[in-house]
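The chain is numbered in sequence order, starting from 1. In this text the structure is predicted, and so the values were computed from the model without any measurement. Side chains are part of it too, since the values below use all heavy atoms of this structure and drop only hydrogens, waters and symmetry mates.
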Amino acid sequence: MSKVLDWVNKRFPLSEFIEKHVTKYPTPKNLNYWWNFGSLAGAFFVVQFLTGVWLAMYYKPDVNLAFDSVQHIMRDVHWGWLLRYLHAIGPTGIFFAIYVHMGRALYYGSYKGPRELLWWLGLLLFVSFMAESFMGYLLPWGAMSYWGATVITNLFTAIPVIGSDLTIWLRGDFAIGDATLTRFFSLHTTFMPLAVIGVLLVFHLAALHKVGSNNPDGIELDKKGPDVIPFSPYFITKDLWFISLIFTIFFYFVFFKPDFFLEPINNEPASSLKTPLHIVPEWYFLPFYAILRSIPFKIGGVIAMAGSILILFILPYLDRSEVRSARYRPIKRVLTYIFYLNFIMLGYVGIKAPDAMSPIGLRMSTIGFAGAAYYFLYFLTMPFISRVEPVKKVRFHPEEG
């Protein structure tokens, strides 16, 4: 084995690459478990990719065959039900990991210099996963898949001048149909996971290893100093333990509660003549869906939803504090905790009908508007907070490693 490795190393820097980016990669020793969610998202992506390749062998991207091909996978193909449930529930794991990963970056200031590009690449990955999930949701060709795609693609008609033409181009027809299904299948299985997500993932990791990992104290550490340790075996074993724990929970839902995250109405074939009573997207789209509905007119809602993602890209320039971590910024810490609760509340509002009444006697549309307002105010007031906020002295806590 050593002779083979020596032969490879003379022709390709394999051992050098592994040492630099895995085994000897310098990592702050005080990283807590919130830093494990990035690796968790990567593990879920591997599961999605492998199960997707297998499912594509049996799936038929045709409006007359798509729904039946999924039923064939579930009922007739050996272990087909398992691979389909792994792939169908997998996005829940990915977005759960991504949201916690982004929330951690928000709290500890991992978006601040010199990590702006790292933050932007992560946001592009987030948007790419949203697009990938949306296109994949249409493929089962169930009732909710069909109408969910109809509602979402119809949002593009709100764009002035080019909106209608863009919507037709995206669908490949005047309505969701065979052309839409075929192109979504092609993009979902080839271009998006390989040319977009795969490339962005490599760039994201490359940027991370260039600037180094942030830490709970938000201070820059000497990569050769006493406050950093090799990634292996310390953090690689910590990652593997954490991934094993989360996947145990994930497999519980796969084997015992597979319909918990799946819409029952999606077990009915798609029909343009039968509209579900309440069309809702998957849970990981709900906060942005609530922001969309918080504005009573279409173009305003679309602008608000798009703005809720775009504002994240300028966050490094909105936060002008010299201190990264909210651990030492009392005002930002409290506002960030409220932001987390507000984001969860928007998800709850998104799943309810706009005219439904809340337990406190307010309409969901009213609560959604208030939640959307706080979402934007959290970011827009950050320049002011950065100037007036008292900060504590930054200390390093090596015992947290």
query = Between Y33 and K238, is there a cation-pi geometry (under 6.0 Å to ring centre, at most 45° from the normal)?
reply = yes
Aromatic rings [X] and [Y]: how do their planes relate, parallel, tilted or perpendicular, breaks at 30° and 60°?
{"X": "Y375", "Y": "F379", "value": "perpendicular"}
{"X": "Y146", "Y": "W141", "value": "perpendicular"}
{"X": "H204", "Y": "H101", "value": "perpendicular"}

Looking at [X] and [Y], what are the two nearest heavy atoms and their distance?
{"X": "I295", "Y": "G301", "result": "CB-N, 3.5 Å"}
{"X": "L118", "Y": "L208", "result": "CD1-N, 3.6 Å"}
{"X": "T153", "Y": "T167", "result": "O-CG2, 3.4 Å"}

task = Just do the ring pair (Phe, Tyr, Trp, His ring centres under 6.0 Å) check on F343 and Y99 with the steps written out, would you?
result = CA-CA 10 Å; F343 195 76; Y99 279 133; 5.4 Å; yes
query = How about F251 and F256: are their ring centroids closer than 6.0 Å?
reply = no
task = Please check if the distance between the ring centroids of F17 and H21 is under 6.0 Å.
result = yes
key: ring pair (Phe, Tyr, Trp, His ring centres under 6.0 Å) contacts touching residues 69-92 (sequence neighbours left out)   = none
request  = Scan Y284, F250, F37, F44 and name whichever one has a side-chain contact (heavy atoms from CB on, under 4.5 Å) with F96.
outcome  = F37
message = Enumerate the salt bridge (Lys or Arg N to Asp or Glu O under 4.0 Å) contacts for residues 259-274, please, sequence neighbours excluded, ordered by first and then second residue.
response = E268-K274
key: All pairs passing salt bridge (Lys or Arg N to Asp or Glu O under 4.0 Å) where residues 328-355 contributes a residue, at least two apart   = D319-R329, D319-K332, R329-E389
inquiry  = Quick one, M130 with I309, criterion side-chain contact (heavy atoms from CB on, under 4.5 Å). Give me CA distance, side-chain angles, the key distance, then yes/no.
reply    = CA-CA 11 Å; M130 293 177 77; I309 297 176; 4.1 Å; yes
ask   = Got Y25 and F235 here, is their nearest side-chain heavy-atom distance under 4.5 Å?
value = no
inquiry  = Taking the side chain as everything from C-beta on, heavy atoms only, tell me whether F285 gets closer than 4.5 Å to L292.
reply    = no
inquiry  = Take a 6.0 Å sphere around CZ of F49 and say whether it holds more than 12 heavy atoms from other residues, nucleotides or ligands.
reply    = no
request  = Compute whether any side-chain donor of one residue and acceptor of the other, for S321 and K112, lie under 3.5 angstrom apart.
outcome  = no
remark   = The reported gap from OG1 in T92 to CZ in F261 (rounded to nearest 0.5 angstrom) is 5.0 Å
key: Reported OH-to-CG distance for the pair Y378 and N342, which is rounded to 0.5 angstrom   = 11.5 Å
